[in-house]
Structures are given as structure tokens and as C-alpha cells.
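Atoms within each ligand, like the ligands themselves, are counted from 1 in listed order. Here the structure is a predicted model, which is why all the values come from computation and not from measurement.
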Amino acid sequence: MSEIVLKGIPAAPGIAYGPSFILDKGEFIVPNRSISSSEIDSEIARFEEAVNNARREIQGLKTKITQDMGEGHAKIFDAHLLVLQDATLINAVTCGIRETKSSSEYVFFTVIRKFVEAFAKMPDEYLRERASDVGDISKRVLKHLMDESKLHDLDNLQDDLIIVAHDLSPSDAVSMFNKKIKGFLTDIGGRTSHTAIIAKSLGVPAVVGLKDATLRINNQDSVIIDGKKGLVIINPSLATKELYVKEQSKITASLEKLEDLKSLPAQTIDGKNISILANLELSSEISAVLKYGAGGIGLFRTEFLYMNRLDLPSEEEQYQAYAKAASAIAPFSVTIRTLDIGGDKFISSVQIPRDMSPFLGYRAIRFCLERPDIFKTQLRAILRASVHGKVQMMYPMISGLGELRQANAILNQVKTAMRDEKISFDEHMKVGIMVEVPSAVMMAEPLARETDFFSIGTNDLIQYTLAVDRVNEKTAHLYEPAHPAVLKMIQKTIDAGHNEGIHVALCGEMASDPLFAFLLLGMGIDELSMSAASILAVKRMIRSVKLQDAQRVAYEAMQLATGQEVEEFVNAQLREFLPG
Ligand code: PEP
Ligand code: MG
């Protein structure tokens, strides 16, 4: 078998080698296979047989569920059977095969997609929910038309596999990591999707945005992932394998070398200290945060506590998690971000409508202000944890003073109630905001007067400034951290914060790249927070440069016209101070 190389978007660095496992989550790609005129009848027959098989399966399930759980529970299968008998559907597919001379699976997939879309747009909620039933039915039929090896589910996972999926949600990623997955590959997604972020923080190499990896890779293919370059090598030759074994030992050696930096300060040659902290998604990562010598937790993404469960986490459970992080990282601080769901993060306990543009929709602080019950529970838990170390709190996605004041009003209500109940908390706990929406940048001065610190969320700020969806592989080339417009936004935020005497941190993925971190240092950032595994490489950069050089480079970079020019310029400059 010859070696095939696929190029995608690097999402999490590292090298992994192992057998692939194609994970179907429903949204798999069906290739457009042309057929000849002589194949039309047999293709239609194949389709009819698949529908009959699917029908038989559903009948069998219906009988079983009726026996086990009663007739009421089996009603859903009647609806599935009706869809499979629908003459419009069947005719559309058979005529489609004749007219387009495409394979039955492709025509069926195209037709059924239109059905799903039509259901999803129905004004009636009950009918809208039937869209997922139609989706289930389509999988059932496709299973009989396509290579079964492409269709599996999460429950069948074994250890030590490279997962290949069309898409993975952040909660899928979290649930899989208990299963010692070696790495993962997806057809869609961008560098700062939360799935990529999770992979990075857990040290699992990942490549996203591969477009058709689920088609090109078969189950049990041997696959190498080069997470840093965004490469995937299917059926690697012996020579390629040897190359990667060498590459792996080089990486291990350079990581070992970085270990020496662990206890040294992140200080430039001319004496400027920068705080380097870690981002935390799961409490289980605290050991990694400590291992890499983080100077605190600059972003605790609390939404992961709410994922992969049917109920909401109680105040007590949240308190335990926050207190654990606070005491583990003491005497350094932990900045707990209040719930940021929506966008690409969903939880089962709360139904959030899947907006057309989820990142512009019902998300983060917008959700919390509408659900003070959920928000207050979290605020109480954070306040209670504040006595266990140095706890700070921040709100995500603040777009202006109105939201900040509303959030603080709720916080004050919670504090008053806790004082009445004689529950102790840190009365001086700092409360900051994430600056990740362009309107917040434009309002940075007045916001800085009413908040204790800023933390710039570049993952979102880039997408909102450049109008580039952070999880869309098709526009990934436009998602440029070094775009001059983004740099100006960041500079304005830093300056506004400093003019008003507050601390300005940055916790987007941009912080974890030494090249961008060099720029940010020159722009005057006070603190960088990143995935724990990136800390030592960024520290190495900081310890190799002078603040005054970084300031000059940042100034000159900001005069340039495009993101590409900025990257090339900063790269060339940094190479002088940091060879290799
Ligand atoms: C950001 O937007 O940069 C950020 C750190 O938050 P998240 O990635 O969780 O949206
Ligand atoms: Mg964000």
C-alpha cells in the first residue's frame, strides 16, 4: 500500500502513530460516485434493498422495545417506518439515480438532507425535533449502502487508537480522553475550536480541517499524525516511520532541555518579568499545570464541569472543583471564568437553540444574565472557594458596560445573601472581564474604570474582528492572529487598561506561540495564559530576548499592512535572538 499524505490545520502539536478508527457521528461525507447507464437499474435495486433492510431492522427494534418497555415507547419507530414508506422520498431517489447517474448512496444522502433541513426549519417544535429522527433513518439506510467500516459509535472505542471523525464536539473530545486516545483527526474545524484546545491541553496530537479524512482513511489503517505541521500520513513507508521516530526523539530531547527552565523566572535579558500562567479546562489537568511550573491559572474554563452529564453541577460540586484548583495552585492565583456555553460548546442540561451563527448568538454572559438561577449558583460556588487561595473571577464575552453592570448587580445580590447567611468569602476578590468582542475594545477605557482587570480572549476577538468563524476550516487561512487590525485591537486594550491602572492579561491561543508572545511582550502585555504544555517554550523565548527589542519589533510590525508581512517580519527578527 502506498503512502498518502494529507494536509490539514495543525490543532495540537506532537507525533502519534497507531491504527485509525473511523468514528461516525452522523455527519459523514458521502462521495459522489458516478455510475454508467447500464448500472442504473442495479443501483436502484440496491437502494430498494437497503430501504427494505432498514425497515426490517426498525420492525425488529419496534417489537423488542414493545416487549421490553411497552407500546408507548415503540411509537417512535412508527414514525421512522412512515418516513421509509414515503413515496416522495423513494421517487426522488429513484428518479435522481436515473437523471444524475450518481450512486444510490449519494442521491439518497442528498435527498434526505433536504428532508432534514426542511424538518429543522419547521415552526412547530415537535416537528423540528423530528429532524434528528430523519437523520437516524438516513444513517440506517446508508449503513446498508456504504462500507460499514465507516460507521461506528463512541461506545465501541478501544484504547490506543487514532480517532478519525467528520467533526468532534468539545464534549466528545473530553469523553474520549478517558479512553487513552492517541490522537485525532477531523474533516472540519479550526485551530482555536474548543475541541482543538482540549486536545492541546491534554497533550494529544491533533489535526483538524482535513476536509475528507473520513473518506481517505479506512479503519485500522496505520496512520502518523504530525500535529505541529498539520500532516497526516496514511500507510507510512518504513523510511517515513524511521524519520518520525527520529523526529519524536528530537522533540523529547528538546522538551527535556526545557525542563531546566521550570523553576526560573520568565524574565527578559533586560529584566522585565512577565507572568506565564496556564489555562485549565478539566480539574484533572491540574497536575500538568503544576508540572510545567505555571505561575497560576489564568483561565479556568468552567463550562467543562457542565458537560457530558444530564444535570447541572450543584453549588457544592462546583465549590469543591474551584476550591481544589485554588488550593493546588496557591500561592499563585486562579482566574475562574463564569460559564461560557454556546458557540461550539453545548451541554445537555440546558437546551440552547442551535442558532444560525452560534458564535454571534445566545452565548456566555448573555445566557447567564437570562438564567440568573444558574449564574447565581456558580457565583456562590466561586465566592465560597475564594477563601481557599487567591481566587479571581471574570465574565466572558462582555460587549459593553450594560452587561458588566448587570452581571455585577447579580454578583452583589449573591454577596449580600451570603453575608446574611454568614458564609465567608474573599471580600476583595478581583472581578475582571474578558475582552473578546470588538465593542469592548472600543469601550475599553470606561470598562477599565469599572473592572479590576482585563483578559484578552484572542480566540474570539480574532473571529469577531476579522469576521472569520474560528471553527470553519474553509476560512481558516483568513483567521490571522497577526492581522494588523487584530494587533491594533490588542494594543488599544492594553493601553486603555494601563491608562486606568489595571492589569492586562491575554489568554487566547495566541499566547502559546513564541512568535506572537514576542509581539505581545513588546506591546506591553502583563500576563500570558496558555495551555500548560506551551509554557516552557514561551518562557525560553522571553528569557532569550530584551524588552526593548520586543518593543521595537512590535512597533515596526504594527506599521505593516498585512498579517503575512507581520508574521514574516517578526519571525525573521525573532530568529536573530532565538536561533532554531
Ligand atoms: C478566547 O476567546 O480567546 C478565550 C480564551 O476563550 P474561549 O477560547 O474559551 O472562547
Ligand atoms: Mg472566548
Query raised in the report: Would you say Glu509 touches ligand 1, if touching means a heavy atom closer than 4.0 Å?
Result: no
Query raised in the report: Identify the closest protein heavy atom to atom 6 (O) of ligand 1: which residue and atom is it, and at what distance?
Result: Arg337 NH1, 2.9 Å
Requested in this report: Could you tell me whether Arg470 and ligand 1 have an N or O pair separated by under 3.5 Å?
Outcome: yes
Report task. Could you find the nearest protein heavy atom to atom 7 (P) of ligand 1 and give me its residue, atom name and distance? Result -> His194 NE2, 3.1 Å
Requested in this report: Classify the side-chain pair Glu403/Ser399 by whether it contains a donor and acceptor separated by less than 3.5 Å.
Outcome: yes
Just distance, no hydrogens or angles: give the donor-acceptor pairs under 3.5 Å from side chains in residues 483-491, sequence neighbours left out.
from	atom 1	to	atom 2	distance (Å)
His483	ND1	Ala485	N	3.0
Gln491	NE2	Asp495	OD1	3.0
Gln491	NE2	Met523	O	3.1

Query raised in the report: Considering only heavy atoms of Arg363, which atoms of ligand 1 have at least one such atom less than 4.0 Å away?
Result: 10 (O)
Query raised in the report: Lys345 heavy atoms, cut-off 4.0 Å: which ligand 1 atoms fall inside?
Result: 9 (O)
Please tabulate, for side-chain N and O atoms in residues 527-538, each donor-acceptor pair with protein atoms closer than 3.5 Å (sequence neighbours left out).
from	atom 1	to	atom 2	distance (Å)
Glu527	OE1	His503	NE2	2.9
Ser529	OG	Ala278	O	3.2
Ser529	OG	Asn279	OD1	2.6
Ser529	OG	Gly298	N	3.3
Ser531	OG	Ser534	OG	3.0

Report task. Would you list the protein N, O or S atoms within less than 2.8 Å of the Mg ion (ligand 2), leaving out water? Result -> Glu436 OE1, Asp460 OD2
Requested in this report: Find all atoms of ligand 1 within a distance of less than 4.0 Å from any non-hydrogen atom belonging to Gly457, and give their numbers and elements.
Outcome: 1 (C), 2 (O), 3 (O)
**Report entry** Sub-4.0 Å atoms of ligand 1 with respect to non-hydrogen atoms of Cys507
**Finding:** 5 (C)
Report task. Can you run down the ring pair (Phe, Tyr, Trp, His ring centres under 6.0 Å) pairs that involve residues 315-338, sequence neighbours left out, and say none if there aren't any? Result -> Phe300-Tyr322, Tyr319-His388
Query raised in the report: Quick one: which ligand 1 atoms are inside 4.0 Å of a heavy atom on Leu299?
Result: 5 (C)
Query raised in the report: Which of the numbered atoms in ligand 1 are below 4.0 angstrom from a heavy atom of Asp460?
Result: 1 (C), 2 (O), 3 (O), 10 (O)
